[in-house]
Amino acid sequence: MAAGCTTVFPVRDYDLAATLDSGQSFRWQAEADAWVGAIHGRWVRLRPVPDGIHAETARPQTDWRWLADYLQVEVDLAAVLARFPEDPQLREAVNACHGLRLLRQEPWECLASFILSSTKQIVQIRQIIAMLTARHGEPLPGPTGQPTLHSFPDAARIAALSEPELRACKMGFRAPYLHATAQAVAGGKVNLAALPGLPLAAARAELMQLPGVGRKIADCVLLFSCGFAEAFPVDVWIARALQELYFPRRRANARRLERFVATHFGPQAGYAQQYLFHYMRTRT
DNA sequence: CTCCAGGCGCCTT
DNA sequence: AAGGCGCATGGA
């Protein structure tokens, strides 16, 4: 294959803006008609085009599989939606968010990002992560005239930082959680790369050993970076959505909500969750 | 000013 | 088992 800095992924039903800006990933920056980001140690610009997604890198690529995998362009969205349960609430969310997809992110960046997400608004999560990468990531080669992007600092790098250095990135009480989890991952106590090969419950239990990682953050990592499409993170937005859409008359406690999501949404529950989440956040 | 944000860990009942 | 509270920080 010839090396080049651009390619087009032919794909239908892909809303790039909704997907990159729906709270599953925190580093994509909007330009006039494109998105710029740093993934897999590379500067990338993505642009929606009529027949798919146009991609541009700073350095020539001979193999674009890393990006095709990240974007999940091979996923047949219609087949995913076909396995959703038939209920009017979910149908409404799907109709409102046509082309919304799930990404497949790098596990460490995903885990660290969601440790930093607790009781923060998405805007602030983005600010914390921007500061962390600018200060402690490696500068990436990019086009001249563009602001320099940085790689996400790996677990060993964050483990080697002091807690005050982390707190200086405005992450507050999350600093000791991120630090201790970075040490556990860098030290091999949890092997993130092995999680996709485990049964869902075992992979979840592995993640929940880590400090600062409970059920919700574990499910985010399982869904957004490990390929477990049935993982269903329940945050305040989703809890509110389930309460309002499915239990409008009586108050449902956490236990009841957990049983409902485990039985109602099926094998593509994680996709359903993303539609409900985006629908709740964007409806007027 | 108060309230709350893609929670978690620990402490009470 | 289930619920309450503190934790930093900043925006509404």
Side-chain angles (χ1 to χ4, degrees), chain A residues 18-28 93 97 100-103 105 107 109-132 135 161-185 190 204-226 228 231-245 247 250-262 265 269-284:
Chain A
T19 301
L20 299 182
D21 198 26
S22 59
Q24 52 182 318
S25 174
F26 301 101
R27 296 225 283 152
W28 290 100
C97 312
L100 178 64
R101 302 273 189 141
L102 289 177
L103 302 167
Q105 301 177 54
E109 175 170 345
C110 185
L111 171 59
S113 296
F114 279 98
I115 286 175
L116 297 176
S117 76
S118 71
T119 54
K120 277 291 178 192
Q121 299 181 114
I122 289 178
V123 201
Q124 297 175 330
I125 301 167
R126 297 174 63 98
Q127 288 171 356
I128 293 169
I129 292 172
M131 203 173 312
L132 183 66
R135 290 188 181 196
L161 295 172
S162 67
E163 193 180 306
E165 285 175 306
L166 290 174
R167 283 187 187 262
C169 298
K170 306 299 181 187
M171 61 184 73
F173 64 85
R174 303 156 196 84
Y177 293 145
L178 179 62
H179 196 232
T181 287
Q183 289 177 328
V185 170
V190 169
R204 179 183 287 137
E206 279 285 291
L207 285 166
M208 289 178 66
Q209 293 176 34
L210 295 165
V213 182
R215 172 64 182 260
K216 189 269 173 181
I217 291 175
D219 280 356
C220 285
V221 176
L222 295 170
L223 179 63
F224 299 141
S225 74
C226 295
F228 288 99
F232 191 108
V234 177
D235 71 329
V236 290
W237 285 91
I238 290 294
R240 198 176 297 150
L242 296 174
Q243 175 69 58
E244 188 180 316
L245 299 175
F247 301 94
R250 64 184 185 283
R251 208 183 86 72
N253 59 21
R255 166 119 174 77
R256 177 155 192 91
L257 290 184
E258 185 183 338
R259 283 212 310 144
F260 177 72
V261 303
F265 290 104
Y271 275 88
Q273 177 274 157
Q274 198 64 16
Y275 277 90
L276 291 173
F277 181 77
H278 196 61
Y279 173 62
M280 289 299 284
R281 292 205 337 116
T282 55
R283 70 178 180 177
T284 47

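We name chains A, B, ... by the order of the sequence lines, and we start the count at 1 in each one.
Computed from coordinates, the N253(A) CG to dA2(C) P distance equals 7 Å when rounded to whole Å. Put simply, CD1 on I122(A) is 12 Å from P on dA5(B), counting in whole angstrom units. Protein atom CG of L223(A) is 18 Å distant from nucleotide atom P of dG6(B), rounded to whole Å. Per the geometry, CG belonging to L116(A) stands 13 Å off C1' belonging to dC8(B), to the nearest Å. Remark: C1' of dC3(B) and CD of Q121(A) are 11 Å apart, rounded to the nearest angstrom. The NZ atom of K120(A) sits 13 Å away from the C1' atom of dG6(B) (whole-angstrom rounding).
Listed nucleotides: dC8(B), dG10(C), dC7(C). Nearest to the side chain of K216(A): dC8(B). The side chain of T119(A) lies closest to dA8(C) when the candidates are dA8(C), dG6(B), dA2(C). Set against dC8(B), dG6(B), dC7(C), the side chain of Y177(A) has dC8(B) as its closest nucleotide.
Across all strands, L210(A) comes closer than 4.0 Å only to sugar-phosphate atoms, never to a base (heavy-atom distances). Using a 4.0 Å heavy-atom cutoff across all strands shown, S113(A) reaches no nucleic acid atom at all. Here I125(A) lies out of heavy-atom contact (under 4.0 Å) with every strand.
The P atoms of dC8(B) and dG10(C) are separated by 22 Å, rounded to the nearest whole Å.
OP1 or OP2 of dA8(C) has not a single side-chain nitrogen or oxygen of R174(A) nearer than 4.0 Å.
Searching all strands for a Watson-Crick or G-U wobble partner of dG6(B) with both distances below 3.5 Å returns nothing.
Taking the six-membered ring for Trp and thresholds of 30 and 60 degrees, F265(A) and F232(A) have nearly parallel ring planes, at less than 30 degrees apart.
Along DNA chain B, the nucleotide closest to P211(A) and the one closest to W237(A) are compared, and the more 5′ of them pairs with W237(A).
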